[in-house]
Visitor: 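This is the structure I have questions about; it appears just below.
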Amino acid sequence: MRIDVEYLEKTSKQLYSRIKDMEEDLKSDKVFKIWRRQYGERTNLGSREQLGKILFDVLGHECLHRTPTGRPKMDATTMGAIDEPFVKTFVEMEQLKKIKNTFLSGIQKQTCDGFIHPSFNLHTVQTYRSSSDSPNFQNFPIRDRKAGELIRRCFIPRDGHRIVEIDYTGLEVRIAACYHKDPTMLEYIKDESKDMHRDMAAECFKCEPEQVSKELRYCGKNMFVFPQFYGDFYVNNARALWESIDAMNHEVDGVPMKEHLQQNGIHELGLCEPQEKPRPGTFEKHLQQVEKRFWNERFPTYDKWKKEWYRKYLKQGGFNTLTGFKIEGLLGRNDVINYPVQGSAFHCLLWSLIQLNKWLVKNKKRTKIVGQIHDSIVSDVHEDELDEFLQVAKTIMTQKIRNKFKWINVPLDVEAEITPINGSWFEKKEVEIK
DNA sequence: CACTGGAGCCAC
DNA sequence: AAACGTGGCTCCAGTG
């Protein structure tokens, strides 16, 4: 993939001086003086462990969270709760360092004559998914808009081209359905007016589906539905959803969420200790019931499949994926449920990518596929070939694949995003494929 | 100096 | 009974 080398160098320098400035600010802070007195020559502004000692042992802040090995937890969320300007700047500086040292310099090191050539491994991942390295093409920031911009501006198409990204929508959920064939899930997938995440958000927050805002849906999806699919349980769901209420200022028809829940008999989060039985009137108790209904009433066939699939694994010591690969060895319960879905979902993407590439080569197109991110294909597309490329890709990914893999019993769908001609990856915008 | 585990953080 | 799946990369701290 082509790299904007000039932009990369310029941005790297800018970040360097921003980080230097922040370092100077920190060094003139009284907290640093104490740090310095404590550690002398060994003082290291990049050491969270040292900072933890200063905050908790010297300055008397209370350490509320620890890592599994018993050290003070010093991640961004935990530090965010510490009321100390020094810590705030420290966290911001660490974020900038991540962007510069991991992503920008990673790209820089691997750039050769203006292009990166990441490796895409097909033989290293337990689940038969892929991985990528040197640089890792599959984890460039996008959720944090600022970080996403700084980094994705590095990626540009060749002259007269656009970057085109085509994603499968909800691929893993659909492939899971090919395994368990739960009728309610099949309906959710087939009927576009239905929306599982909206419905579950409504249950979690005790409101009507029509009252579910974009933010509530997001939380229902990422703090209940997906964690449940991966094998999480209600205590963690309750904690995450409860935290989101204040963090995101949730409301139902203009009523603050906590007030809304009060009106519906929920007065507190609850202890959230797995040993203890959840008490009535707590959010935790409510989520326990939501979980129970989710598996027993809404998706009982899915639930049965999980139990049966795991039982079979225990008996046979392994299983085959729908794409014909064998998975064996010592696996946990969640692994047994998740591996076949992840692997087969990726194989759908991989098969499509291979067919699309064959078509490009056979027809001597100037367009090239430049990367892949588990359920999406990234290409460098010549302007004259754009429309045809989008249509061929969509046909392969949603139609032809179903002739190849007869076990796919659900419709597949794709979404496409394109950049302006000569525009960077950051500038991608969604387009219709007619 | 090489190596390793822990911790953290980015993506799907 | 158990309790979030898959990766890669960087930095720190400790070891030999």
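Each chain gets a letter, A, B and so on, in the order the sequences are listed, and its residues count up from 1. Values reported hereafter were calculated over all heavy atoms of this structure, with side chains retained and with hydrogens, waters and symmetry mates removed.
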Visitor: With sugar-phosphate meaning primed atoms plus P, OP1 and OP2, does A:G106 contact a base, only sugar-phosphate, or nothing at under 4.0 Å between heavy atoms?
Guide: nothing
Visitor: Nearest of C:dT10, B:dA7, C:dG8 to any side-chain atom of A:T102?
Guide: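 Out of C:dT10, B:dA7, C:dG8, the nucleotide with an atom closest to A:T102's side chain is C:dT10.
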Visitor: Between atom CZ in A:R174 and atom C1' in B:dC12, what is the gap in whole Å?
Guide: 16 Å
Visitor: A:K98 side chain: which of C:dA3, B:dC10, C:dG7 is closest?
Guide: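 Output: B:dC10.
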Visitor: Taking all heavy atoms of A:L412 and all of A:T398, pick out the closest pair and write down the distance.
Guide: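 Heavy atoms of A:L412 and A:T398 come nearest at O-CG2, 3.4 Å.
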Visitor: Using a cut-off of 4.0 Å on non-hydrogen atoms, how would the nucleic acid contact of A:F103 be classed: base, sugar-phosphate, or nothing?
Guide: sugar-phosphate
Visitor: Mind checking A:S130 for me? I need base, sugar-phosphate or nothing, with any heavy atom below 4.0 Å counting as a touch.
Guide: nothing
Visitor: How is A:R333 classified with respect to the nucleic acid when contacts are heavy atoms under 4.0 Å: base, sugar-phosphate, or nothing?
Guide: nothing
Visitor: What's touching nucleotides 1-5 of chain B from the protein side, N or O pairs under 3.5 Å?
Guide:
none

Visitor: Could you state the atom-to-atom distance from CG of A:N236 to C1' of C:dG5 in whole Å?
Guide: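 Interatomic distance, CG of A:N236 to C1' of C:dG5: 14 Å.
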Visitor: Between B:dC9, C:dT10, B:dC10, which one does the side chain of A:R48 approach most closely?
Guide: B:dC9
Visitor: Check every strand shown and say whether A:S132 touches a base, only sugar-phosphate, or nothing at a heavy-atom separation below 4.0 Å.
Guide: sugar-phosphate
Visitor: On the six-membered ring of A:W309, is A:K306 placed so that its NZ or CZ lies under 6.0 angstrom from the centre and within 45° of the ring axis?
Guide: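 Negative - A:K306 is either too far from the ring of A:W309 or too far off its axis.
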Visitor: Answer yes or no: does a side-chain N or O of A:K109 lie under 4.0 Å from OP1 or OP2 of C:dT10?
Guide: yes
Visitor: Describe the nucleic acid contact of A:K97 in one word from base, sugar-phosphate, nothing, applying a heavy-atom distance below 4.0 Å.
Guide: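 The residue A:K97 makes no contact with any strand.
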Visitor: Please pick, from C:dG8, C:dA13, C:dG5, the nucleotide with the shortest atom-to-atom distance to any side-chain atom of A:N121.
Guide: C:dG8
Visitor: Counting any heavy atom closer than 4.0 Å, what does A:Y339 reach on the DNA or RNA strands: base, sugar-phosphate only, or nothing?
Guide: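 Touches sugar-phosphate only.
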Visitor: For the side chain of A:P68, starting at C-beta, report the closest nucleotide among B:dA11, C:dC4, B:dA7.
Guide: B:dA7
Visitor: For A:Q50, answer base if it contacts any base atom (sugar-phosphate contacts may also be present), sugar-phosphate if it contacts only those atoms, and nothing otherwise; contact means non-hydrogen atoms under 4.0 Å.
Guide: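 Touches sugar-phosphate only.
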Visitor: With heavy atoms under 4.0 Å as the rule, sort A:I337 into base, sugar-phosphate or nothing.
Guide: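 Since no nucleic acid heavy atom lies under 4.0 Å of A:I337, the category is nothing.
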Visitor: Does A:K429 come within less than 4.0 Å of A:E165, counting only side-chain N to carboxylate O?
Guide: no
Visitor: Using a cut-off of less than 4.0 Å, is there contact between a side-chain N or O of A:N136 and OP1 or OP2 of B:dA11?
Guide: no
Visitor: When the ring planes of A:F294 and A:F299 are compared, do they come out parallel, tilted or perpendicular, using 30° and 60° as the limits?
Guide: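 Perpendicular.
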Visitor: So which nucleotide from C:dC9, C:dT6, C:dT10 ends up closest to the side chain of A:D335?
Guide: C:dT6
Visitor: Once the angle between the rings of A:F283 and A:H286 is folded into 0 to 90°, is it parallel (under 30°), tilted (30 to 60°) or perpendicular (over 60°)?
Guide: tilted
Visitor: For the side chain of A:P141, starting at C-beta, report the closest nucleotide among C:dG8, B:dA11, C:dA3.
Guide: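 Nearest nucleotide to the side chain: B:dA11.
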Visitor: Measure from the side-chain heavy atoms of A:N44 and tell me the nearest of C:dA13, C:dG7, C:dG5.
Guide: C:dA13
Visitor: Would you indicate which nucleotide in B:dC9, C:dT6, B:dG8 comes nearest to any side-chain atom of A:A76?
Guide: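 When the side chain of A:A76 is considered, B:dC9 is the closest of B:dC9, C:dT6, B:dG8.
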Visitor: Hey, does A:N139 reach any base, or is it just sugar-phosphate, or nothing, if we go heavy atoms under 4.0 Å?
Guide: base
Visitor: Determine the interplanar angle of the A:F155 and A:F140 rings, folded into 0 to 90°, and report it as parallel if under 30°, tilted if 30 to 60°, perpendicular if over 60°.
Guide: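 Ring orientation of A:F155 relative to A:F140: tilted.
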Visitor: Could you tell me how the ring of A:F120 sits relative to the ring of A:F137: parallel (under 30°), tilted (30 to 60°) or perpendicular (over 60°)?
Guide: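 Rings of A:F120 and A:F137: perpendicular, over 60°.
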Visitor: So which nucleotide from B:dA7, C:dG7, B:dA11 ends up closest to the side chain of A:Q126?
Guide: C:dG7
Visitor: Round to a whole Å and report the spacing from NZ of A:K292 to P of C:dA2.
Guide: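 Checked: the NZ to P distance equals 20 Å.
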Visitor: Relative to each other, are the rings of A:F229 and A:Y302 parallel, tilted or perpendicular (30° and 60° limits)?
Guide: tilted
